[in-house]
Amino acid sequence: MIKAITDGPIHDREHFLDTRPLTRKEVEAALDQVVCQTKANLGYLQGKFPYSAAENGVYPITENVEWTTGFWTGILWLVYEHTGDEAIKEAALKHVDLFLERVEKRIDVDHHDLGFLYTPSCVSCYKLTGNETAKKAALKAADVLMERFREKPGFFQAWGQLGKKEDHRLIIDCMLNIPLLYWASDITGDPRYKDAATRHFITSCNHVIREDASAYHTFYFDPETGAPLHGATRQGYSDTSAWARGQAWGIYGIALNYRHTRMNEAFPLYRGMTNYFLDRLPADDVCYWDLIFSDGSGQPRDTSAAAIAVCGMDEMDRWLPEDDPDKILYRRAAHRILRSLIQDHANKAHQPGQAMLLHGVYSWHSGKGVDVGNIWGDYFYTEALTRFLKAWDPYW
Ligand code: GLY
């Protein structure tokens with residue numbers, strides 16, 4: 001069972017309800033820019049991958065390591081869907097071979113981010129083309145992720161050595177890793193993946209989300225008994241604040257897990273998390289990197305969190321009952337945030353190696369990727385635009 005919470009009201013309803021919906025022309029123009037940047041970056045990367053965040057205005061070039069390379073391949077699949085450009089499809093297919101090699105040789109896969117890596121790169125490919133290498137790679141990745149399932153109390157351990165007391169914790173981001181497992185059950189007919197994913201989803205909802213519907217980044221459990229210990233942060237401002245991207249992972253994560261589980265008890269949590277997020281947006285609707293900050297704080301934004309939240313609101317729009325009192329408000333809010341991203345944060349220069357969406361924050365405490373573009377921001381911005389153009393069938 002998922003815990004019940006009281007979802008707080010949205011305070012300035014008119015601010016969102018007054019929004020003029022994005023037109024098809026606006027969305028198409030923004031996607032044209034994405035296509036242009038994708039082509040420039042394909043030439044720049046020469047078959048390799050962008051590092052997680054830009055440095056000095058461009059992405060450093062890497063091999064297929066880290067947790068973020070799947071987003072670049074995911075952008076290629078989204079752009080291929082939009083344009084039908086065979087050269088982009090060929091480039092993405094070459095990545096699929098590299099993703100199979102990565103999981104078979106277990107290169108940098110000892111963490112829970114298998115979903116972030118293999119859903120946009122390989123599940124996407126299998127759904128779009130039926131490619132068997134992609135299916136094999138994604139199923140293998142699902143098996144590797146399953147190794148991280150902890151029975152007590154039922155969750156996927158995010159990072160670190162399995163069984164180590166100090167690492168016995170989940171993080172809210174993982175709600176987007178587990179759709180890989182729902183897909184694996186659908187493909188194989190084996191319910192183990194879906195059962196574990198559902199247990200992780202319930203454990204996350206019950207612990208990493210606070211009573212006021214804000215989220216901790218991470219939550220610890222006792223490895224012996226599974227008893228809940230405490231929440232904490234790694235990338236947020238403090239253990240008691242709400243890291244903007246964590247809140248956005250929760251909004252989109254609940255929507256996606258609803259898609260696969262149809263657990264109606266998730267609706268109040270979704271509403272609570274979304275209301276908390278919307279209530280803390282600054283005047284131009286693009287969140288600061290932690291929701292504790294607002295206008296006048298001098299802090300950077302996190303545009304990637306904004307793009308993730310837009311995708312989440314669009315996903316849940318498909319599932320919220322028609323008589324939900326805020327269904328139209330959420331839809332309008334998504335339009336409002338996406339317009340702000342298009343107008344004020346999308347890169348319009350299109351030099352090779354640049355990000356599509358500027359002004360993200362990767363890790364403020366370590367000074368990594370602060371106030372620059374990052375590759376998951378580019379991916380979710382592209383996904384959001386795709387969602388606004390057609391009834392998109394999610395890779396997740
Ligand atoms: N999943 C890691 C991050 O959002 O930075």
Side-chain angles (χ1 to χ4, degrees), residues 49-55 59 62 65-72 74-75 108-121 141 145 148 155-160 167 169-180 200-201 204 208-209 214-219 231-238 241-254 256-257 273 277 286-291 299-312 355 357 359-381 383-384 396:
F49 295 86
Y51 176 64
S52 310
E55 287 176 13
Y59 284 115
T62 74
V65 291
E66 274 281 350
W67 67 280
T68 52
T69 46
F71 293 119
W72 169 234
I75 291 169
D108 197 8
V109 291
D110 288 332
H111 51 71
H112 70 150
D113 286 321
L114 281 306
F116 281 130
L117 286 168
Y118 283 83
T119 302
S121 63
L145 178 54
R148 301 192 73 79
F155 71 95
F156 288 94
Q157 184 181 317
W159 308 303
D167 287 326
R169 55 136 164 227
L170 60 80
I171 70 171
I172 189 150
D173 323 26
C174 193
M175 288 213 203
L176 273 89
N177 281 320
I178 57 178
L180 175 68
H200 176 96
F201 175 52
S204 300
V208 83
I209 301 172
S214 66
Y216 293 111
H217 182 188
T218 158
F219 199 93
T233 202
R234 180 182 273 192
Q235 282 161 267
Y237 178 71
S238 76
S241 70
W243 177 45
R245 195 156 65 252
Q247 196 77 14
W249 289 136
I251 292 167
Y252 196 10
I254 293 173
L256 286 172
N257 280 274
M273 290 205 80
F277 183 81
V286 174
C287 53
Y288 288 85
W289 71 274
D290 191 295
L291 299 179
Q299 293 287 327
R301 318 263 173 171
D302 181 9
T303 52
S304 72
I308 293 160
V310 169
C311 292
L357 188 62
H359 312 304
V361 171
Y362 184 0
S363 176
W364 185 83
H365 291 291
S366 62
K368 196 158 75 170
V370 175
D371 201 17
V372 295
N374 54 59
I375 195 64
W376 62 89
D378 289 355
Y379 171 83
F380 287 106
Y381 177 61
E383 185 187 303
W396 305 95

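Counting starts at 1 for both ligands and their atoms, following the listed order.
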Quiz item: Within 45° of the six-membered ring axis of Phe219 and under 6.0 Å from that ring's centre, is NZ or CZ of Arg169 located there?
Solution: no

So, for [X] and [Y], which heavy atoms are closest and what is the spacing to 0.1 Å?
X	Y	value
Ser241	Asp290	OG-OD2, 2.8 Å
Pro50	Ile375	CG-CD1, 3.7 Å
Gly236	His365	O-NE2, 2.5 Å
His217	Val208	O-CG2, 3.8 Å

With the criterion set at N/O pairs under 3.5 Å, what does the list of contacts between the protein and ligand 1 look like, atom names and distances included?
{"unit_1": "ligand 1", "atom_1": "1 (N)", "unit_2": "Asp173", "atom_2": "OD2", "d": "2.7"}
{"unit_1": "ligand 1", "atom_1": "4 (O)", "unit_2": "Asp173", "atom_2": "OD2", "d": "3.4"}
{"unit_1": "ligand 1", "atom_1": "4 (O)", "unit_2": "Arg245", "atom_2": "NE", "d": "2.8"}
{"unit_1": "ligand 1", "atom_1": "4 (O)", "unit_2": "Arg245", "atom_2": "NH2", "d": "3.3"}
{"unit_1": "ligand 1", "atom_1": "4 (O)", "unit_2": "Trp249", "atom_2": "NE1", "d": "3.0"}
{"unit_1": "ligand 1", "atom_1": "5 (O)", "unit_2": "Gln235", "atom_2": "NE2", "d": "2.8"}
{"unit_1": "ligand 1", "atom_1": "5 (O)", "unit_2": "Arg245", "atom_2": "NH2", "d": "2.5"}

Self-check item: Sole residue of Phe116, Phe71, Trp72 in ring-ring contact (aromatic ring centres under 6.0 Å, His included) with Tyr379
Solution: Phe71

